[in-house]
Every structure is written in structure tokens, then in C-alpha cells.
Amino acid sequence: MENILLVEFGKRLKALRKEKGLKQIDMAEIMGMTDRQYQSYEYGKVNVPATTLSFFADFFGVTTDYLLGRGE
């Protein structure tokens, strides 16, 4: 069963990445991880550590609530 929260996070993360004109491999490099590790976030397959969530929010200039689908 899919975790709806993680799926929504992945959708928002993907949209924000595309808005910046970045590829998944670019984000993986920025994050210091493999592209497969980064993809697991966009695909909603793994829980996101709080520090990673905070990084994404700061990097994209949005709130953590927005990333989690709790706000527009």
C-alpha cells in the first residue's frame, strides 16, 4: 500500500526540481547521493529524514508543510 504523504511529497519535489530545470542526476549530485537514492524520494518509496526535508525546503524556497502536501 502506498503512503499518500510520501507520494504527494514526491510529486511536489519533482515539480520543484523541474521548475529549476534540474535533472534527477543533478539533484543527486547536489545531495551527495546516488541518482537511485534521490529517485526513491521522488517515487515516494522511502521516508524522508527531517534534515533532508529541511534541505529541500530551503533549496526550493518552500515550507516543509508545502512539501508534505499540508499547504499550498
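Nothing fancy with the numbering, it's 1 onward along the sequence. Bear in mind the structure is a predicted one, so any value in this text is a computation, not a measurement.
Note that the CE atom of M27 and the CG atom of L13 stand 6.0 Å from one another [nearest 0.5 Å]. In this structure, CD on Q39 lies 10.5 Å from NZ on K14, to the nearest 0.5 angstrom.
Applying the side chain to side chain donor-acceptor pair (under 3.5 Å) rule to T34 yields the partners Q37; only residues at least two apart in sequence or on another chain are considered.
Under the 4.5 Å side-chain criterion, counting only non-hydrogen atoms from C-beta, L16 is not in contact with K20. The shortest distance between side-chain heavy atoms of V46 and L6 does not fall below 4.5 Å.
Below 30°, between 30° and 60°, or above 60°: for F56 and F9 the angle between ring planes is between 30° and 60°, a tilted geometry. Between F59 and F55, the ring-plane angle classifies as parallel under the 30° and 60° cut-offs.
Here the shortest heavy-atom pairing between L53 and V48 reads N-CG1, 3.7 Å. R12 approaches L67 most closely through the heavy-atom pair CD-O, 4.0 Å.
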**Report entry** Steps toward side-chain contact (heavy atoms from CB on, under 4.5 Å) verdict (D26, Y38)
**Finding:** CA-CA 10 Å; D26 299 327; Y38 176 79; over 6 Å; no
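Pairs passing the salt bridge (Lys or Arg N to Asp or Glu O under 4.0 Å) check and including a residue from residues 29-44, sequence neighbours excluded, read R17-E42. Residue pairs meeting the side chain to side chain donor-acceptor pair (under 3.5 Å) criterion with at least one partner in residues 48-64, sequence neighbours excluded, are absent.
In the hydrophobic cluster analysis, where Ile, Leu, Val, Met, Phe, Trp and Tyr join through side-chain heavy atoms closer than 4.5 angstrom, I25 is grouped apart from F60.
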